[in-house]
Amino acid sequence: MNQPLAGYAPAPVTARMEKHGSHMLKVAMQTGSDLLARVGSMVAYEGFVQYEPNPPAVRQIARDWITGEGAPLMKCSGDGLLYLADYGANVVVINLNGDAISVNATNLLAFDAHLTWGVERVKGLAKFAGQGLWNTRISGQGWIALTSRGEPIVVDCGGGEDETYVDPDALVAWSPNLKVKGKRSFKAQSLIGRGSGEAYQMAFSGQGIVVVQPSEDSTDRLRVRG
């Protein structure tokens with residue numbers, strides 16, 4: 001019975017966070033190294049791991065989530081191995097080496113609790129979308145895991161003068177030092193995105209990356225907010 005399933009056994013732990021296959025995250029938990037993860041994402045664990053939904057640090061920052069862009073988070077602590085997933089979505093693991101990343105909250109799976117994070121308004125888009133677009137900015141030295149609806153593409157903007165255009169509903173994350181502006185297209189509204197109403201794109205320029213998933217988010221990220 002075990003022989004046919006041997007290929008699915010967990011590999012030895014080599015890092016704080018790593019993928020098990022394409023759709024599951026494995027986290028090496030240690031006392032004192034807490035994790036913030038999306039509520040409901042735990043699928044299995046080994047050892048002694050405790051969970052605290054909506055901890056005080058999250059409640060304080062969640063006050064900024066007036067736009068509904070926030071993701072419900074839980075604090076995970078203890079010793080062992082923790083496995084996380086989000087409805088079979090692809091997992092992207094990033095080691096932030098003192099860098100920062102701006103993440104769509106719906107694509108945020110887990111990150112080290114000691115990282116600096118908060119909700120911020122994306123500049124340059126307010127005139128296109130009512131109150132604008134809000135994202136979660138995470139920075140510091142540590143690990144972060146994102147989800148993507150399908151295998152993502154990472155576009156290197158290259159620092160040139162050319163801009164990279166992205167459908168906001170397919171956007172996962174980007175380097176926060178990039179310049180962002182909105183572009184409205186009437187002629188392409190039936191060709192770009194879902195084709196419902198006006199077509200918006202986000203234009204990125206500067207030195208950095210943009211992570212794009214091959215499937216659009218089910219929520220309209222540039223809807224007008226009252």
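In this chain, numbering begins with 1 at the start of the sequence shown.
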Review point. For Trp174 and Val155, what are the C-alpha separation, side-chain angles and deciding distance, and is it a side chain to side chain contact (heavy atoms under 4.5 Å, CB included)?
Key: CA-CA 9 Å; Trp174 71 86; Val155 180; over 6 Å; no
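Listed by first then second residue, pairs satisfying salt bridge (charged side-chain N to carboxylate O under 4.0 Å, His left out) with a partner in residues 200-215 number zero, not counting sequence neighbours. Residue pairs meeting the salt bridge (charged side-chain N to carboxylate O under 4.0 Å, His left out) criterion with at least one member in residues 107-118, sequence neighbours excluded: Arg16-Asp112. Within the structure, salt bridge (charged side-chain N to carboxylate O under 4.0 Å, His left out) contacts touching residues 133-144 (residues at least two apart or in different chains) do not occur. Pairs of residues two or more places apart, or lying in two chains, that qualify as ring-ring contact (aromatic ring centres under 6.0 Å, His included) and include a residue from residues 24-52 are Tyr45-Tyr51. The salt bridge (charged side-chain N to carboxylate O under 4.0 Å, His left out) analysis of residues 83-97, with sequence neighbours excluded, yields the pairs Asp86-Arg149.
Here the OG atom belonging to Ser77 is positioned 8.0 Å from the CD atom belonging to Glu52, to the nearest 0.5 angstrom.
Annotation: ring pair (Phe, Tyr, Trp, His ring centres under 6.0 Å) contacts of Tyr165 (sequence neighbours excluded): none. Evaluation of the side chain to side chain contact (heavy atoms under 4.5 Å, CB included) rule for Ala28 yields Val13, Leu81 as partners, not counting sequence neighbours. Partners of Asp79 according to the side chain to side chain contact (heavy atoms under 4.5 Å, CB included) rule, which considers only residues two or more places apart in sequence or in another chain, are Gln30, Thr31. Considering only residues two or more places apart in sequence or on other chains, Ser41 meets the side chain to side chain contact (heavy atoms under 4.5 Å, CB included) condition with Ala37, Arg38, Met74, Leu84, Leu109. Evaluation of the side chain to side chain contact (heavy atoms under 4.5 Å, CB included) rule for Lys179 yields Ser205 as partners, not counting sequence neighbours. Asn90 pairs by the side chain to side chain donor-acceptor pair (under 3.5 Å) definition with Glu151, not counting sequence neighbours. Taking the side chain to side chain donor-acceptor pair (under 3.5 Å) definition, one finds that Thr164 meets it with nothing, sequence neighbours left out.
Residues Glu120 and Asn135 bring no donor and acceptor atom of their side chains to less than 3.5 Å of each other.
A side chain to side chain contact (heavy atoms under 4.5 Å, CB included) with Phe111 is found for one member of Leu146, Leu73, Leu96, Ile94 and no other, namely Leu73.
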